[in-house]
Amino acid sequence: MKYRHIIIISLAALLCLPHLEGSAQESVHYNDTTWYDKGFDLYIGAGAFFANKKNALYYNGSRRNECNLDYIFDNHYWYDEIRQEVNNLYPHVSLSDEISYLEENLDWNVRYKVKTMLNLGARYKFGHNWGLSISYSFCRLTTSSQLLLNYSSVSGNLINAPVMELHGKEDRSMIDLSVSYLISQLNPIAKPFIELGAQFNFAKAKVLEAAIGERTWTLLDPYMGQNYVPGAQMNTYDIIYGGPGYGFSFAAGIKIVVNKFVSIDPTFYGCMSSLGIKPLQERSFNFNYGVLVRLVVNDFFISQRQ
């Protein structure tokens, strides 16, 4: 696996932390027990999320995807609308020219734009520096790409080619169940920590549309396989494109203690995830990561002092 070394290093770090702390305490020891007494932490955070570009291929219009450009090009009415819009923007393309696209002209390097990740969580500290946590993260991802359309014409070489844009929007939710370890007594203010856990996620394609000029056509079939006919009374359905997935996650950061009850935690978050969004009809594990800052409230509900 491409990111196997990251997993091994993270696991080894978690197992070695108690031994490293014990060695350090031989020379340095603080009586401050804040942040490792038994009890609950609640936290809220936000930051930037960097989604793996391989999953973004779901939005490039390829015939290998369940939602692709053939959906609109194979419909006679939408095809005529596309040809009319092309003629409006590119007068050298006549209404009698055949419009098409080639797979090689699609964007095979489409990427998600960097987006904000929101994070909510709770942690129960059950032993000396150890804890169990559950967290929920959400981000809304977007993609944008372009492709050149082809058309048959007797005019010979052409200077300008029609350009079609593809836009995608995806909602991604992640739930992480983690075990954490905090080095609490190396420093009274800055306390390193690491988390490892299992992830359950849900990804849903909200938008996948093609655009020329001011016109757009959806590639997400709202008619559940029925052929679109203008003016017809047709039922539309909220079809879910995507679904549940799974994986594992890890996080590492520094807990900066503000006072006995509040800390600010700069955190690096990473996950290896298999998503319900299947680009090119393939489902595989891909690495995603984020950087965020958590605001943590210590012992908000219960505090059981050692």
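Since the model is a prediction, treat every value here as computed from it, not as a measurement.
Side-chain atoms of Tyr241 come within 3.5 Å of backbone N or O of Asp221 as a donor-acceptor pair. Checked by atom type and distance alone, the side chain of Asp97 pairs as donor or acceptor with a backbone atom of Ser94 at under 3.5 Å. Panel note: side chain Asp107, backbone Gln146; no donor-acceptor pair is recorded below 3.5 Å. Between the side chain of Asn298 and the main chain of Lys260, a donor-acceptor pair closer than 3.5 Å is present. Looking at Tyr90, its side chain does come within 3.5 Å of a backbone N or O of Val163 through a donor-acceptor pair. Under the 3.5 Å distance criterion, the side-chain polar atoms of Asn129 are left unmatched by any main-chain donor or acceptor of Tyr181.
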Let me see the working for Ser263 and Lys255 under side-chain hydrogen bond (donor to acceptor under 3.5 Å, both in side chains), right down to the final yes or no. CA-CA 6 Å; Ser263 77; Lys255 179 176 291 296; 3.2 Å; yes

Can Ser133 and Glu195 be said to form a side-chain hydrogen bond (donor to acceptor under 3.5 Å, both in side chains), step by step? CA-CA 9 Å; Ser133 63; Glu195 302 171 357; 4.6 Å; no

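In this structure, the ring of Trp78 has its center less than 6.0 angstrom from the ring center of Tyr71. The six-membered or imidazole ring of Tyr269 lies away from that of Phe50, with a centre-to-centre distance of 6.0 Å or more. Aromatic pair Phe40/Tyr124: ring centres closer than 6.0 Å.
In this structure, Lys169 places its NZ atom where only 12 or fewer heavy-atom neighbours from other residues, nucleotides or ligands lie under 6.0 Å away. For Glu104, the CD atom is densely surrounded, since the number of other residues' heavy atoms within 6.0 Å is greater than 12. Heavy-atom neighbours of Phe126 CZ from other residues, nucleotides or ligands within 6.0 Å: above the threshold of 12.
Gln84 and Asp80 form no side-chain donor-acceptor contact under 3.5 Å, judged by distance and modelled atom types alone.
Ion pairing between Arg294 and Asp265 fails under the 4.0 Å rule for side-chain N and carboxylate O. Using a cutoff of 4.0 Å between basic side-chain nitrogens and carboxylate oxygens, Glu103 and Arg64 are not scored as salt-bridged.
Separation of atoms OH (Tyr77) and OH (Tyr228) is listed at 9.5 Å; rounding is to 0.5 Å.
Within the 4.5 Å cutoff, no side-chain heavy atoms of Ser62 are placed close to those of Asn68.
In the hydrophobic clustering of this structure, Phe200 does not group with Phe285; members are Ile, Leu, Val, Met, Phe, Trp, Tyr whose side-chain heavy atoms approach within less than 4.5 Å, directly or through other members. Note on Ile175 and Met272: separate hydrophobic clusters, where clusters join Ile, Leu, Val, Met, Phe, Trp and Tyr whose side-chain heavy atoms are under 4.5 Å apart, directly or indirectly. There is a path of hydrophobic side-chain contacts, each under 4.5 Å, that joins Leu208 to Tyr237.
Ring pair Tyr289/Phe287 is parallel by interplanar angle, where below 30° counts as parallel and above 60° as perpendicular.
Annotation: cation-pi geometry not satisfied between Arg172 and Phe49 (NZ/CZ under 6.0 angstrom from ring centroid, within 45° of ring axis).
In the hydrophobic clustering, where aliphatic and aromatic side chains (Ile, Leu, Val, Met, Phe, Trp, Tyr) are joined below 4.5 Å either directly or transitively, Leu118 stands alone.
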